[in-house]
Student: 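What follows is a structure written as structure tokens; I'll ask about it next.
Residue numbers count from 1 along this sequence. First listed ligand is number 1; within each ligand, the first listed atom is number 1.
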Amino acid sequence: MGFCVSVGRILRKGKCFVLVLLCLSVLAWIANFSGEIAKSIQVSFNMTQIPVKADTLRDHLTKHASTPPLKVKCPQTSPLLKGAVKLSFEPSLTLKDVENDNKGVTEGKYAPTDCTARQSVAILIPHRNREKHLLYLLHHLHPFLQRQQIHYGIYVIQQAGDTTFNRAKLLNVGYLEALKEYSWECFILHDVDLVPENDHNLYVCDKQPKHLVVGRNVTGYKLRYKGYFGGVTAMTQKQFDKVNGFSNSYWGWGGEDDDLRIRVQLQKMTIVRPPADIARYTMVFHKRDSGNEANKDRMQLLRQTQQVWRKDGLNSCSYKTLSIERLPLYVNVTVDIGKP
Ligand code: UDH
Ligand code: MN
């Protein structure tokens, strides 16, 4: 009743029109607001309508995520392994051929695209004047490592000059230089002329230092001698560091691999090997190189390992890096390591 009276008064006072307009705007605002609420309910409902099957959900997230999806860890056994492979040593093979076959490799490095590799591995190859052997090795090793789904980098450590060759010191240099590029957890110390024959010979590190060359074609696929630790060896960064790397004192052929075995044994580590039917290599035929004559002092040096290993190794490896070339298939480190 009071309201009617008030309205009547306002009407009488001529303010009716303004009031009606005010009421209409309030009503319109309420209608609009409820519409918005309805719409937002609709949106949140729609958002829950993404596919729920695991695969489709992952596809959906992959398509719509602004950051790349997290990769899954590569399986324990790569599905790409072929087992024993037929090796080829075509005289007409060129570096360009090998580059064309390995377009996924950049500056000697590769990582699997659809999973995260279990280990990051640096392959260190001591080298001088064995270009053809290097070519054959790269030709086989790149696809071999890719089938193993490894994140890897290949480093060739080239001894400059023509003074006596020192395989062990070159490998120490390779280790130190590779670590400047990336924190590799595993190192494969690899002769240039040995080509792995079986994909199951995995280029990863174990809890103990691993020797990968049980058999070579040239020695009837038999271990050269009990305790042989040369040719191709896998050691973690920690294992190699613990033994202070190789001795730098072995100039010429022989002894440096036995010295490394003694260092490993002094640290109470044991050497492990893959089964003989898997750890097989073809050695590209070669004669003894000039500048790498048998080291006559090697037996004498081997008797001193226990006394000197702490001060002869990675911590005393002095050298001059002459160049680092980041080539498509490998990093080429050319180094002056001095002379005996
Ligand atoms: N290496 C070079 N250039 C050299 C010498 C050695 O690159 O001038 C490297 C290369 O990685 C090689 C490794 O050092 O694979 C070991 O040297 P090696 O292959 O000469 O050693 P291996 O034990 O042969 O295979 C020893 C001499 C063979 C004599 C054969 C006589 N029957
Ligand atoms: Mn050889």
Side-chain angles (χ1 to χ4, degrees), residues 87 89 95 108 122-141 154-175 177-178 187-197 203 211-234 245-261 279-299 301-302 319 322 325 327 329-340:
L87 305 177
F89 300 91
L95 192 62
I123 320 290
L124 311 179
I125 306 168
H127 180 255
R128 184 169 72 183
N129 201 22
R130 295 272 199 100
E131 312 303 338
K132 201 75 198 185
H133 293 184
L134 180 59
L135 184 60
Y136 289 141
L137 183 62
L138 294 169
H139 171 58
H140 290 104
L141 214 47
I154 297 186
Y155 295 83
V156 175
I157 311 93
Q158 175 91 29
Q159 180 170 337
D162 51 15
T163 50
T164 313
F165 196 72
N166 188 330
R167 175 180 180 268
K169 189 165 181 184
L170 289 173
L171 288 167
N172 277 347
V173 172
Y175 173 87
E177 290 299 314
F187 291 83
I188 311 277
L189 319 165
H190 209 300
D191 274 9
V192 75
D193 50 29
L194 290 171
V195 184
E197 295 181 6
Y203 275 32
H211 183 224
L212 289 93
V213 194
V214 176
R216 309 181 303 171
N217 58 333
V218 286
T219 43
Y221 294 104
K222 295 227 169 63
L223 194 64
R224 278 176 77 183
Y225 54 89
K226 190 176 179 299
Y228 175 50
F229 196 45
V232 185
T233 311
F246 278 101
S247 160
N248 300 301
S249 314
Y250 288 78
W251 298 89
W253 181 88
E256 84 294 345
D257 45 4
D258 296 321
D259 188 285
L260 187 67
R261 183 196 61 245
R280 289 163 66 95
Y281 282 80
T282 295
M283 192 172 99
V284 189
F285 177 79
H286 68 86
K287 298 198 184 96
R288 197 181 294 279
D289 304 91
S290 73
N292 195 29
E293 288 72 28
N295 175 8
K296 291 190 182 68
D297 300 333
R298 64 186 190 279
M299 292 307 170
L301 286 166
L302 284 168
Y319 59 95
L322 300 183
E325 299 161 275
L327 306 175
L329 295 178
Y330 61 95
V331 177
N332 195 40
V333 181
T334 305
V335 63
D336 177 357
I337 54 167
K339 46 182 191 285

Student: Determine whether the side chain, the backbone, both or neither of M283 has a heavy atom under 4.0 Å from any heavy atom of ligand 1.
Tutor: side chain
Student: Would you check the N or O atoms of R288, main chain and side chain alike, for any that come under 3.5 Å of an N or O of ligand 1?
Tutor: no
Student: Closer than 4.0 Å and a protein heavy atom, does any atom meet both conditions relative to atom 32 (N) of ligand 1?
Tutor: no
Student: Could you find the nearest protein heavy atom to atom 24 (O) of ligand 1 and give me its residue, atom name and distance?
Tutor: H286 CE1, 3.4 Å
Student: Examine ligand 1 and decide if any of its atoms is less than 4.0 Å from a heavy atom belonging to N292.
Tutor: yes
Student: Taking 2.8 Å as the cut-off, does D193 contribute an N, O or S atom near the Mn ion (ligand 2), distance below it?
Tutor: yes
Student: Give the residue, atom name and distance (to 0.1 Å) of the protein heavy atom nearest atom 20 (O) of ligand 1.
Tutor: R130 NH2, 3.1 Å
Student: Mind checking whether D193 has an N or O less than 3.5 Å away from an N or O of ligand 1?
Tutor: yes
Student: For atom 5 (C) of ligand 1, is the nearest protein heavy atom closer than 4.0 Å?
Tutor: yes
Student: Can you sort out which atoms of ligand 1 are near W253, meaning under 4.0 Å from one of its heavy atoms?
Tutor: 21 (O), 22 (P), 23 (O), 24 (O), 26 (C)
Student: What I want to check is whether the side chains of D289 and N129 have a donor and an acceptor closer together than 3.5 Å.
Tutor: no
Student: Give the atom numbers and elements of ligand 1 that come within less than 4.0 Å of a heavy atom of P126.
Tutor: 7 (O), 9 (C), 10 (C), 11 (O)
Student: Of all the atoms in ligand 1, which lie at a distance below 4.0 Å from a heavy atom belonging to H127?
Tutor: 7 (O)
Student: Does R128, backbone or side chain, put an N or O under 3.5 Å from an N or O of ligand 1?
Tutor: yes
Student: Quick one: look at V192 and ligand 1, take heavy-atom pairs under 4.0 Å, and tell me if it's side chain, backbone, both or neither.
Tutor: both
Student: Give the residue, atom name and distance (to 0.1 Å) of the protein heavy atom nearest atom 14 (O) of ligand 1.
Tutor: F165 CE2, 3.5 Å
Student: Using a 4.0 Å cut-off to any heavy atom of D191, which atoms of ligand 1 qualify?
Tutor: 11 (O), 13 (C), 15 (O), 16 (C)
Student: Please identify which of these residues, H133, R216, H286, meets the side chain to side chain donor-acceptor pair (under 3.5 Å) condition with D193.
Tutor: H286
